[in-house]
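The block underneath contains the structure these notes are about, expressed in structure tokens.
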Amino acid sequence: PDLEVDRAEGGVHAKVFVDEAARRAIVAFRGICVSDDFRQCQVDKCFLQSFGALGIVSPVLYQTAADCSAFTGEFDYVAEASKVVRGVQARFLGFHVLLTGHSLGGALAIVSAAQQPGVLQAVTFAPTAFHTLLRQHVGMADGAIARLPAEDLIATGDPYDCLINTVFVHKAREGATTCLYDNVEEPWPCTPRMQKDIAYDTKQLPEMALCKMQTHDWRRYMEIILATGADGTSPQNLPSCSADASTFQASFLRFVARR
């Protein structure tokens with residue numbers, strides 16, 4: 001418990017799971033909380049606004065009644081996450097450490113793993129676009145990001161959830177492999193155009209936001225991931241994986257090829 005972080009006032013939230021017999025540890029980072037009634041949720045939303053987590057629509061989708069300028073000294077999420085990970089590594093020397101998380105938590109997991117390429121792996125769920133975090137908070141150049149071991153940095157997600165991110169942030173998941181659950185039933189009002197057209201998404205902002213919210217829901221991801229086939233054992237839903245789905249130009253060409 002002393003390695004975990006769960007501050008009520010805001011910032012990184014992380015839990016640590018350890019299997020000493022197998023010499024393995026998992027660090028799981030929580031995503032944002034959305035209620036504006038709590039300070040930690042306000043800080044989360046202001047942090048997402050600070051680096052344009054969803055591009056030009058970030059101030060709308062992460063709207064808060066709080067004055068974000070009051071929290072500017074509290075946006076050291078990347079450093080906090082890295083500190084948690086290094087603390088686990090120091091405590092459990094020689095253990096295989098896997099990082100995971102959903103939404104912002106997924107982004108923090110990948111950014112933390114990217115700081116130790118070849119040492120750490122991350123398997124995440126619908127991570128927030130993290131390219132700007134790597135650039136601004138870690139100081140990585142675009143070339144270094146492109147050379148990251150994408151096979152060790154995995155972003156899984158619903159096609160609408162992930163590809164809307166790349167519409168607004170073109171290099172959203174550069175450096176990682178994106179694995180999409182292409183064959184799941186999608187909720188209304190999701191329409192294919194939302195995966196490729198920023199003008200359409202901006203004009204249809206309420207519908208796009210509703211689609212994004214529904215496909216991003218962690219409870220839905222649990223249903224998709226845990227669903228089993230007719231034999232009751234094998235997974236019902238398997239994603240298709242490619243580094244091409246991590247950036248806009250490549251994911252757009254992928255979308256066109258599927259039509």
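This chain uses plain numbering: 1 for the first residue, then up along the sequence.
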Checklist line | Aromatic ring pairing H137/F47, orientation class (parallel under 30°, perpendicular over 60°, tilted between) | finding: perpendicular
Margin query: Pairing donors with acceptors under 3.5 angstrom, does anything connect the side chains of D67 and S69?
Written below: yes
Check: Linking I/L/V/M/F/W/Y whenever their side-chain heavy atoms sit closer than 4.5 Å, directly or via other members, would W218 and F17 fall into one cluster?
Finding: no
Notebook entry, point to check: Step by step, would you call L205 with V57 a side chain to side chain contact (heavy atoms under 4.5 Å, CB included)?
Noted result: CA-CA 9 Å; L205 186 57; V57 296; 3.9 Å; yes
Next item on the list: Examine distances only and state if a side-chain atom of T202 and a backbone atom of A199 form a donor-acceptor pair shorter than 3.5 Å.
Entry: no
Next item on the list: Tell me, yes or no, whether the heavy-atom count around R7 atom CZ, taken from other residues, nucleotides or ligands under 6.0 Å, exceeds 12.
Entry: yes
Item checked: Note, N165 side chain near L54 side chain (heavy atom, < 4.5 Å) -> yes
Check: If you measure from the Lys or Arg side-chain nitrogens to the Asp or Glu carboxylate oxygens, is any gap between R30 and D44 under 4.0 Å?
Finding: yes
Checklist line | C179 side chain near I154 side chain, heavy-atom distance below 4.5 Å | finding: yes
Note to self: Contact between R91 and L3 at the side-chain level, heavy atoms closer than 4.5 Å - yes or no?
What the structure shows: yes
Next item on the list: Report yes or no: does T166 contribute a side-chain atom to a donor-acceptor pair with the main-chain N or O of L163 at less than 3.5 Å?
Entry: yes
Next item on the list: In plain terms, say whether E74 and R39 are close enough for a salt bridge, that is, a side-chain N and a carboxylate O under 4.0 Å apart.
Entry: yes
Margin query: Using modelled atom types and a 3.5 Å cut-off, is there a donor and acceptor pairing between side-chain atoms of R23 and backbone atoms of L93?
Written below: yes
Item checked: Side-chain ion pair, E186 and R220, N-O less than 4.0 Å -> yes
Next item on the list: Taking atom types as modelled, find out whether H131 and D142 have a side-chain donor-acceptor pair closer than 3.5 angstrom.
Entry: yes
Note to self: Please determine whether a side-chain nitrogen of the Lys or Arg among R193 and D201 lies less than 4.0 Å from a carboxylate oxygen of the Asp or Glu.
What the structure shows: no
Notebook entry, point to check: Looking only at atom types and distance, does a side-chain atom of S58 sit under 3.5 Å from a main-chain N or O of Q49, one as donor and one as acceptor?
Noted result: no
Item checked: ILVMFWY network linking I26 to V18, side-chain heavy atoms under 4.5 angstrom -> no
Item checked: N/O donor-acceptor pair under 3.5 Å between R173 side chain and A176 backbone -> no
Margin query: Using a 3.5 Å distance criterion without hydrogens, assess whether the side chain of S103 forms a donor-acceptor pair with backbone atoms of G105.
Written below: no
Margin query: I'd like to check V78 versus V138 (side-chain heavy atoms, cut-off strictly below 4.5 Å). Are they in contact?
Written below: yes
Next item on the list: Could you tell me which non-hydrogen atom of Y181 sits nearest to which non-hydrogen atom of P239, and how far apart they are?
Entry: CE2-CD, 3.5 Å
Next item on the list: For the pair Q195 (side chain) and P159 (backbone), establish whether a donor and an acceptor sit closer than 3.5 Å, ignoring hydrogens and angles.
Entry: no
Checklist line | Beyond-backbone contact of Y160 with P192, side-chain heavy atoms, under 4.5 angstrom | finding: yes
Check: Would V123 and L180 show up in the same hydrophobic cluster when neighbours are defined by side-chain heavy atoms closer than 4.5 Å?
Finding: no
Check: Is the centre of the F125 ring less than 6.0 Å from the centre of the H102 ring?
Finding: no
Note to self: When you group the ILVMFWY residues by side-chain heavy-atom contacts below 4.5 Å and let the links chain together, are L61 and Y77 in the same group?
What the structure shows: yes
Check: Hey, are the side chains of M194 and E207 touching, using non-hydrogen atoms and a 4.5 Å cut-off?
Finding: yes
Note to self: Can you tell whether the side chains of D36 and K45 come within less than 4.0 Å, N to carboxylate O?
What the structure shows: yes
Margin query: Any side-chain to backbone donor/acceptor pair from Q116 onto S112? Under 3.5 Å, distance only.
Written below: no
Checklist line | Connected via hydrophobic side-chain network under 4.5 Å: L210 and V60 | finding: no
Note to self: Regarding E4 and H13, do their side chains bring together a donor and an acceptor under 3.5 Å, going by distance alone?
What the structure shows: no
Notebook entry, point to check: Is a donor on one side and an acceptor on the other found under 3.5 Å between the side chain of N237 and the backbone of I225?
Noted result: no
Next item on the list: Could you tell me whether the side chains of T124 and T100 share a donor-acceptor contact shorter than 3.5 Å?
Entry: no
Notebook entry, point to check: Is it true that a side-chain atom of D231 and a backbone atom of S234 form a donor plus acceptor pair closer than 3.5 Å?
Noted result: yes
